[in-house]
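First comes the structure, then the notes that go with it.
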Amino acid sequence: MLDKLLPTTFFARPAEIVAPELLGCRLMRRMDGEIYQGLIVETEAYDATDPACHGYRRKTERNAAIFGAPATVYVYLIYGRYHCVNIVTDRQDFCSAVLIRALECDRLPADLPNPKDKPHRAAAGPGKLCQLLKIDRQLNGVSLNPANNLWIEGRSPEFNEAIVQTTRIGLTQGVDLPWRWYLRDRPSVSKVKDKVIQKLSKGY
DNA sequence: TGTATGATTAAT
DNA sequence: TTAATCATACAA
């Protein structure tokens with residue numbers, strides 16, 4: 001295996017540093033005894049200075065996980081229908097996280113939630129990828145780890161894809177912060193909205 | 001206790 | 001452009 005489990009130190013940095021570096025990594029999910037994986041193609045950053053962040057006002061029962069240790073999983077229900085998954089970043093007791101917004105999966109489960117989707121769009125959106133990989137609040141607060149059936153492996157050594165940086169999607173506050181990143185040439189990005197293009201060097 | 005509202009999505 | 005749908009936050 002060339003790929004490796006990302007260490008907790010990877011996540012123990014500001015969300016806006018971690019978010020672009022998660023592009024090209026692989027979200028790994030074991031369900032029903034089988035391992036599925038998706039290339040992370042789109043992310044967003046949130047933190048305590050940001051009015052759009054769920055922990056901006058105060059710590060509550062719902063958002064407690066986002067104040068946890070780096071590499072903690074924060075899952076919440078949105079619009080009463082979908083789940084969204086974040087990876088907690090930075091340090092304990094500081095709210096910050098990276099929202100995983102889209103994946104590109106090579107192998108899909110047999111029972112697809114949205115059979116009408118083209119295969120490369122099956123995980124093109126934060127709600128869709130949680131549905132596909134059966135991620136819900138049962139995983140809220142756990143740590144990224146194979147033992148918890150959810151983890152992230154690092155980029156392949158050959159990774160060298162163009163990254164686009166834009167403002168975030170679907171917000172009413174903090175709309176001008178340019179804290180969304182996606183892989184320019186991937187067809188599984190949820191929505192295309194170009195602002196800045198930067199090229200990241202290999203590795204991290 | 002009551003009410004407004006989302007880090008969304010698929011259909012119209 | 002809109003309906004679906006509900007746990008939560010906050011006001012009262």
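Naming convention: chains lettered A, B, ... in sequence-line order (proteins, then strands); numbering from 1 in each chain.
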Query raised in the report: Passes salt bridge (Lys or Arg N to Asp or Glu O under 4.0 Å), A:E161 versus A:R184? Steps please.
Result: CA-CA 8 Å; A:E161 296 192 34; A:R184 186 190 62 189; over 6 Å; no

Taking [atom1] from [X] and [atom2] from [N], how many angstroms apart are they, rounded to a whole number?
X: A:I169; N: B:dT9; atom1: CD1; atom2: P; answer: 10 Å
X: A:Q131; N: B:dA10; atom1: CD; atom2: C1'; answer: 11 Å
X: A:K118; N: B:dA10; atom1: NZ; atom2: P; answer: 14 Å
X: A:L129; N: B:dA7; atom1: CG; atom2: P; answer: 16 Å
X: A:Y56; N: B:dA7; atom1: OH; atom2: C1'; answer: 16 Å
X: A:H83; N: B:dG6; atom1: NE2; atom2: C1'; answer: 14 Å

Requested in this report: Carefully, step by step, assess A:R168 and A:E44 under the rule salt bridge (Lys or Arg N to Asp or Glu O under 4.0 Å).
Outcome: CA-CA 7 Å; A:R168 296 172 296 181; A:E44 285 178 358; 5.2 Å; no

I need the [X] [atom1] to [Y] [atom2] distance, nearest 0.5 Å.
X: A:E16; Y: A:L177; atom1: CD; atom2: CG; result: 9.0 Å
X: A:R29; Y: A:Y36; atom1: CZ; atom2: OH; result: 11.5 Å
X: A:N140; Y: A:R62; atom1: CG; atom2: CZ; result: 10.0 Å

Within one Ile-Leu-Val-Met-Phe-Trp-Tyr cluster: [X] and [Y], side-chain cutoff 4.5 Å:
X: A:L150; Y: A:Y82; result: no
X: A:F11; Y: A:F67; result: no
X: A:I197; Y: A:V189; result: yes

Query raised in the report: Using purine N1 to pyrimidine N3 plus N6-O4 or O6-N4 for Watson-Crick, or N1-O2 and O6-N3 for G-U wobble, each under 3.5 Å, what pairs with C:dA7?
Result: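 Base-paired to B:dT5.
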
Report, one pair per line, the protein and nucleotides 2-4 of chain B atoms (nitrogen or oxygen only) whose separation is under 3.5 Å.
none

**Report entry** Proximity to DNA chain B (any heavy atom under 4.0 Å), residues of residues 45-54 of chain A only
**Finding:**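 Residues of residues 45-54 of chain A under 4.0 Å from DNA chain B: A:Y46, A:A52, A:H54.
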
Query raised in the report: Is the phosphate of B:dA7, meaning OP1 or OP2, less than 4.0 Å from a side-chain N or O of A:R180?
Result: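 Result: no.
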
**Report entry** Side-chain N or O of A:K191 closer than 4.0 Å to phosphate OP1/OP2 of B:dT8
**Finding:**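 Looking at the OP1 and OP2 atoms of B:dT8, neither is under 4.0 Å from any side-chain N or O of A:K191.
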
Requested in this report: For A:N86, answer base if it contacts any base atom (sugar-phosphate contacts may also be present), sugar-phosphate if it contacts only those atoms, and nothing otherwise; contact means non-hydrogen atoms under 4.0 Å.
Outcome: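 Answer is base: heavy atoms of A:N86 come under 4.0 Å of a base.
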
Query - Main-chain N/O of A:P113 paired to A:Q131 side chain as donor or acceptor, under 3.5 Å - result: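 Not confirmed, A:Q131 side chain does not pair with A:P113 backbone.
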
Report task. Mark up nucleotides 4-12 of chain C, 5' to 3', with B wherever a protein heavy atom is under 4.0 angstrom from a base atom, S wherever such an atom reaches only the sugar-phosphate, and - elsewhere. Result -> BBBSSSS--

Query raised in the report: Are any of the side-chain heavy atoms of A:L39 and A:F159 separated by less than 4.5 Å?
Result: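 Side chain of A:L39 against side chain of A:F159, heavy atoms only: no contact under 4.5 Å found.
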
Query - Ring-face cation contact, A:F94 with A:R91, 6.0 Å cut, 45° max - result: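 Output yes; distance and angle both within limits.
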
